[in-house]
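In each ligand, atom 1 is the first atom listed, and ligand 1 is the first ligand listed.
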Amino acid sequence: MLAIVKVANLVTISIGIILFCPSFQSSPPAEAIRSTSFSIISQKNSVPHLQFSYRKSVPFNNGENNKCLSSTFSSNSLMMINHGHHPMQLAVCNPSLIHLVMTLDTQFLRGTVAAVNSILQNAFCPQNIFFHFVHSDSDHHLQTLIRDIFPSLNFKAYYFNPETVQNKISSTIRETLEQPLNYARNYLAHLLEPCVERVIYLDSDVVLVDDISKLWRTSLGPATLGSPEYCHANFTKYFTPNFWSQKKFSRVFSGRKPCYFNTGVMVIDLVKWRKFKYTKMIERWMEIQRNQRIYDLGSLPPFLLVFAGEMAPIDHRWNQHGLGGDNLSGNCRQLHPGPVSLLHWSGKGKPWIRLDSGKPCPLDIIWSQYDLYGQSL
Ligand SMILES: *[C@@H]1O[C@H](CO)[C@@H](O)[C@H](O)[C@H]1NC(C)=O
Ligand SMILES: *[C@@H]1O[C@H](CO)[C@@H](O)[C@H](O)[C@H]1NC(C)=O
């Protein structure tokens with residue numbers, strides 16, 4: 001019964017998206033971007049040249065409302081920069097911007113593109129959003145592609161040197177969690193422009209079905225980091241018996257009520273992060289892990305060690321996680337009860353892979369509405 005109600009909700013969301021986003025009603029024939037110059041060596045499988053083919057996003061504009069205008073222009077119109085035919089693009093230090101961070105890599109590119117698209121399509125003031133893309137590519141192919149797909153996007157790309165963490169990562173069972181770029185979220189306070197005081201960090205396997213500015217305005221109180229927390233999850237299992245048996249480690253949680261949270265959606269106060277030197281704290285735990293094996297997963301446990309029980313709990317609607325399921329396919333998950341603003345395909349299955357294989361889960365259809373990948377028409 002509950003499942004039926006949930007599906008009904010989803011249909012409502014889908015219909016809502018179609019009704020309220022004119023772009024879905026009358027999309028002009030998508031302008032195909034055939035990046036003939038863009039062929040890359042696929043990392044994992046043996047396909048030597050993978051031709052990416054994406055469609056251009058529909059144009060996005062701020063809503064016809066003084067709210068967008070006043071927040072964009074009142075502070076300092078001199079901060080506007082003119083990029084030729086895109087005079088609306090804003091400089092990164094403009095105080096009215098919403099700052100978003102995502103990683104950019106070939107493996108999850110399709111997810112990142114869909115996530116960006118979903119954020120723009122559901123934002124009331126999409127031109128007020130600034131994207132910070134962290135990547136480890138030595139060339140500019142991915143940035144060029146993003147520019148082609150979203151011609152008027154406010155964004156900046158930052159190079160994250162994998163060597164920053166390579167000697168701090170221990171070998172673990174789940175290899176994909178050990179990509180150096182997974183650890184970039186620990187270095188945002190130092191990578192990004194110093195004028196950026198708050199960011200929303202998002203994984204590449206999410207889509208939003210709500211206005212990101214609501215999440216942006218969330219109060220963090222005295223905390224440095226905000227994220228939905230899950231106090232019913234068995235917190236013990238995120239650390240090894242070796243960790244729990246040694247007082248010098250486990251006492252880190254004394255006086256705290258630690259709960260699990262997912263590092264795929266975080267609101268971070270970068271001013272406090274820099275002040276309290278959280279990057280160093282997380283690195284110290286990573287160094288302990290190398291010799292002592294205090295946990296099994298990759299980049300998540302050090303965040304739990306530093307922030308669990310010390311962070312601002314954000315409404316669960318902002319991370320409906322686990323939709324990837326435990327298996328690559330055939331393990332469809334349902335939404336958790338309650339409202340939905342962000343869907344997160346954390347877990348092993350990814351919607352684009354299931355869609356391509358012709359066996360999508362019901363919720364993957366929502367993701368597919370934001371997918372811009374496709375052979376050019
Ligand atoms: C929590 O996980 C630990 C380690 O996996 C296990 O020993 C314990 O029984 C679990 N507790 C509950 C309440 O499930
Ligand atoms: C997931 O895959 C494993 C191994 O193939 C299998 O044992 C398990 O039953 C699967 N679980 C689900 C829910 O499909």
Can you confirm whether something in the protein, heavy atoms only, sits under 4.0 Å from atom 11 (N) of ligand 1? yes
Tell me, with the steps shown, if D326 and R333 meet salt bridge (Lys or Arg N to Asp or Glu O under 4.0 Å). CA-CA 9 Å; D326 295 327; R333 294 286 186 87; 3.1 Å; yes
Any side-chain heavy atom of W244 sitting closer than 4.5 Å to one from F239? yes
Out of N234, T240, T236, whose heavy atom sits nearest atom 2 (O) of ligand 1? N234
With a 4.5 Å heavy-atom cut-off, do F249 and W285 have their side chains touching? yes
Which protein non-hydrogen atom lies closest to atom 5 (O) of ligand 1, naming both residue and atom, and how far is it? K237 CB, 3.8 Å
Less than 4.5 Å apart, any side-chain heavy atom of L188 and any of H132? no
